[in-house]
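All remarks here apply to the structure that follows.
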There are 2 protein chains.
Amino acid sequence: MTSPLRERRRQETAREIQKATLELAMQKSVEDITTEEIAAAAGVSTRTFFNYYPNKEAAAIGHPPSFSEETKDALRKGTGSLAADIKALLDEHMKILVRDEAIVRGVGNVLRTNEKARGILDGFLVGERRALTEVLCSRVENRQTATALAKNAVDAIGGSIFLWEHTEGMSLHQALDVVWDGLIDASRLLSSSPTE
Amino acid sequence: MTSPLRERRRQETAREIQKATLELAMQKSVEDITTEEIAAAAGVSTRTFFNYYPNKEAAAIGHPPSFSEETKDALRKGTGSLAADIKALLDEHMKILVRDEAIVRGVGNVLRTNEKARGILDGFLVGERRALTEVLCSRVENRQTATALAKNAVDAIGGSIFLWEHTEGMSLHQALDVVWDGLIDASRLLSSSPTE
DNA sequence: TGCAAACTTTGCACACTATGCAAGGATTAC
DNA sequence: GTAATCCTTGCATAGTGTGCAAAGTTTGCA
């Protein structure tokens with residue numbers, strides 16, 4: 001369909017624009033940055049900026065990595081306990097995120113102050129959650145259960161990033177471990193006593 | 001501080017604007033509605049519209065009810081199992097939401113298609129989650145545990161509304177019961193087998 | 001009651017956002 | 001090498017959101 005060179009250039013430019021956006025967002029809030037500034041910093045025209053992203057908040061978020069097909073497959077066909085298999089998927093996904101710590105930090109920074117950016121990321125996460133719910137449906141009988149599990153898994157990633165950004169000297173992987181332990185502990189408390 | 005009459009009028013106008021927004025959003029997407037239209041439908045000038053809400057998405061969301069101080073207090077001093085006490089708080093909160101089913105439905109409708117609106121609601125929910133986390137810290141030792149519990153509690157409300165909107169003949173309370181059962185089931189699965 | 005202070009609404013001007021369209025430039029396929 | 005395709009860009013334009021100041025309301029107090 002699209003030629004490989006064009007594809008590569010597109011991705012490079014998209015990334016360039018995201019970097020320019022995040023860098024500017026370190027100095028002042030996204031609200032106070034104009035699309036002109038971003039475009040200039042990324043070396044393209046304002047019009048071209050809008051060919052890549054529908055708005056500056058989307059440019060800040062960029063295109064976060066989805067859970068890979070392999071890890072989802074591993075979860076689907078998993079042999080261990082459900083908890084262990086989900087944790088394995090999250091660990092794998094975290095490896096991807098660790099490759100771009102600067103971007104993760106920049107995105108987190110934007111999310112803290114910008115509502116529109118939060119909404120955009122949320123839209124992306126809804127998709128991830130849905131995909132994960134489908135996968136989990138092959139491991140549990142009840143759909144609501146799968147939904148709850150998927151929600152917790154996706155949130156664990158976000159929670160880890162938040163914790164990582166707010167804790168000096170903690171790695172993303174360590175943050176995930178802490179968040180995960182909290183989740184397991186919470187689950188133990190919620191399920192320990194019968195509701196009815 | 002502010003006189004009671006002025007206070008009441010402000011709330012009435014705010015609500016009027018929200019209703020006008022949600023009503024228009026039934027016919028076309030929020031993107032395609034102009035602030036002028038909303039203002040005209042609500043009987044105020046465009047400029048006044050912006051005195052009440054910073055943008056049309058915020059007008060659609062309005063001012064959702066927070067968990068009441070009484071219910072939070074009940075949870076803090078709760079005597080039953082943690083799960084039962086959290087469920088009680090959610091049930092109480094749902095009673096408040098049921099009073100304005102039309103608005104809940106309208107807001108849900110907007111959230112489905114509008115990212116900015118999602119972000120705005122999310123910002124509100126972050127605040128609710130934080131407040132609930134503080135409350136739960138008096139019931140559990142670990143902060144991450146409290147965070148996970150609060151996240152699940154707040155999400156249960158949102159999940160219930162989603163389920164309610166997509167299921168013919170189900171009440172909000174019933175939806176909450178279904179979502180809650182799914183959450184408890186998921187918790188059982190996550191905590192049943194040791195992670196390490 | 002009547003008047004001054006406080007607050008609200010509104011119109012207007014203006015900077016910024018985002019999109020359609022068409023011209024021009026680069027890349028691809030053959 | 002050339003035609004088709006895709007990308008970038010400038011320009012025009014509808015819409016968003018804010019500051020400011022004038023006009024209108026409400027409030028508190030004499």
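Residue numbers start from 1 in every chain, and the chains themselves are labelled A, B, ... in the order their sequence lines are given, proteins ahead of strands.
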To the nearest Å, how far apart are [X] [atom1] and [N] [atom2]?
X	N	atom1	atom2	value
F50(B)	dT17(C)	CZ	C1'	12 Å
E16(B)	dT9(C)	CD	P	13 Å
I120(B)	dT16(D)	CD1	P	14 Å
E37(B)	dT16(D)	CD	C1'	14 Å
R8(A)	dC6(D)	CZ	C1'	16 Å
K116(A)	dA18(C)	NZ	P	4 Å
K28(A)	dC16(C)	NZ	C1'	13 Å
R47(B)	dC12(C)	CZ	P	14 Å

**Request:** State, without any angle test, whether R105(B) and N109(B) hold a side-chain donor-acceptor pair at a distance under 3.5 Å.
**Result:** no

What's [X] touching, base or sugar-phosphate or nothing? Going by heavy atoms closer than 4.0 Å.
X	answer
I33(B)	sugar-phosphate
R6(A)	base
Y52(A)	sugar-phosphate
N51(A)	base

**Message:** Using heavy-atom distances to pick each residue's nearest nucleotide on DNA chain C, tell me which of T34(A) and G43(B) is more 5'.
**Reply:** G43(B)

**Request:** May I ask you to test the L190(A)-W180(B) pair for a side-chain heavy-atom distance under 4.5 Å?
**Result:** yes

**Prompt:** Are D73(B) and K77(B) ion-paired here, with the side-chain N under 4.0 Å from a carboxylate O?
**Reply:** yes

**Side-chain ion pair, E92(A) and K87(A), N-O less than 4.0 Å** = no

**Request:** State whether the side chain of D100(A) and the backbone N or O of I103(A) hold a donor-acceptor pair below 3.5 Å, judged by distance alone.
**Result:** no

**Request:** Select from F49(B) and F49(A) the residue whose nearest nucleotide in DNA chain D is closer to the 5' end of that strand.
**Result:** F49(A)

**Item:** Nearest-neighbour nucleotide for the T48(B) side chain, dT9(C), dA18(C), dG17(D) considered
**Value:** dT9(C)

**Prompt:** Within less than 4.0 Å of OP1 or OP2 of dT17(C), is there a side-chain N or O belonging to T35(A)?
**Reply:** yes

**Prompt:** Between R9(A) and dT27(C), does any side-chain N or O lie under 4.0 Å from OP1 or OP2?
**Reply:** yes

